[in-house]
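Note that these values count all heavy atoms, side chains included, but never hydrogens, waters or copies made by symmetry.
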Amino acid sequence: MAVTTFEDLEVWKRSCQLAVDVCVALHDSRDYALKDQMQRSAISVPSNIAEGAERDSDGDFIRFLRISKGSCGELRTQLYISERVRQKVGQAPLAGSRPMIQETKEISAMLQGLIRSIDSRRSS
């Protein structure tokens, strides 16, 4: 299947689902600062994929994919911090924390692959 819009990209679909998962997991959290930052990072991943795809320039698309990849790393770090904070205060880990961490790793790899693909297409 040919990619015609960002909605066709598997990495966009998966990062949207991750953002939903993060928002749901944090729904009742009272750690407002970390909750807000994690939600912003999670939402930034698919949003930057979409914004870059809509720019009509491979160079811009790559730039926004790199921003998206950075947000994905930021979210992974915040998930690790959340785990440690919750452990220190005697709370259970955030529901789905480990699968979400794994998903950030996979999404980052997918983004890197997409960046390489677009870059090599530009170079040929």
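- By the 4.5 Å heavy-atom criterion applied to side chains, Leu94 and Val22 are not counted as neighbours.
- By the 4.5 Å heavy-atom criterion applied to side chains, Asp36 and Leu26 are not counted as neighbours.
- A side-chain donor-acceptor contact under 3.5 Å links Ser41 to the backbone of Gln37.
- Atom-to-atom distance recorded for Ser71:OG and Lys69:NZ is 11.5 Å, nearest 0.5 angstrom.
- Counting heavy atoms from C-beta on, the side chains of Ile107 and Val45 come closer than 4.5 Å.
- Taking the side chain as every heavy atom from C-beta outward, Met38 and Ser82 approach each other to under 4.5 Å.
- Here the closest heavy-atom approach between residue Ala19 and residue Ala42 is recorded as CB-O, 3.6 Å.
- Within the 3.5 Å criterion, the main-chain N or O of Thr4 finds a donor-acceptor partner in the side chain of Asp8.
- The shortest heavy-atom contact between Ala53 and Phe6 is CB-CB, 3.7 Å.
- With hydrophobic clusters built from ILVMFWY side chains whose heavy atoms lie under 4.5 angstrom apart, Leu34 shares a cluster with Ile101.
- Under a hydrophobic clustering in which Ile, Leu, Val, Met, Phe, Trp and Tyr are joined whenever their side-chain heavy atoms come within less than 4.5 Å, directly or via other members, Ile43 and Ile67 fall into different clusters.
- Interatomic distance, Phe64 CZ to Ser57 OG, rounded to the nearest 0.5 Å: 10.0 Å.
- A distance-only check finds no donor-acceptor pair linking the side chain of Lys35 to the backbone of Arg30 [under 3.5 Å].
- Atoms CD and OG, from Glu103 and Ser108 in turn, are 10.0 Å apart once rounded to the nearest 0.5 Å.
- Side chain of Ser15 to backbone of Val11: a donor-acceptor contact under 3.5 angstrom is found.
- Atom CD of residue Glu83 and atom OG of residue Ser97 lie 3.5 Å apart, to the nearest 0.5 angstrom.
- Salt bridge absent: Asp119 and Arg116 never bring a charged side-chain N and a carboxylate O closer than 4.0 Å.
- Distance OG1/Thr104 to CD/Gln78: 10.5 Å, rounded to 0.5 Å.
- With contacts defined as side-chain heavy-atom distances shorter than 4.5 Å, the pair Arg66/Asn48 does not qualify.
- Taken from CD in Glu10 to CE in Met110, the straight-line distance is 5.5 Å, to the nearest 0.5 Å.
- Using a distance-only test at 3.5 Å, with no hydrogens or angles considered, no donor-acceptor pair links the side chain of Ser117 to the main chain of Gly113.
- Side-chain contact between Met100 and Arg76: absent, with no pair of heavy atoms (C-beta onward) separated by less than 4.5 Å.
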Using the side-chain contact (heavy atoms from CB on, under 4.5 Å) rule, take Ile49 and Leu111 through it: C-alpha gap first, then chi angles, then the decisive distance, then the call. CA-CA 9 Å; Ile49 294 168; Leu111 288 166; 3.8 Å; yes

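- Using modelled atom types, one finds a donor on one side chain and an acceptor on the other under 3.5 Å when comparing Glu106 with Gln102.
- For the pair Arg14 and Gln17, the minimum side-chain heavy-atom distance is 4.5 Å or more.
- Under a 4.0 Å N-O distance rule, the pair Lys13/Glu7 does not qualify as a salt bridge.
- Residue-environment remark: CZ (Arg86) exceeds the threshold of 12 foreign heavy atoms within 6.0 Å.
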Working note: Glu74 + Arg40, criterion salt bridge (Lys or Arg N to Asp or Glu O under 4.0 Å); need CA distance, chi angles, decisive distance, verdict. CA-CA 10 Å; Glu74 189 178 351; Arg40 286 175 187 270; over 6 Å; no

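- Within a 6.0 Å radius of CZ in Arg55, more than 12 heavy atoms belonging to other residues, nucleotides or ligands are found.
- Side-chain contact check for Leu114 versus Phe61: some heavy-atom pair is nearer than 4.5 Å.
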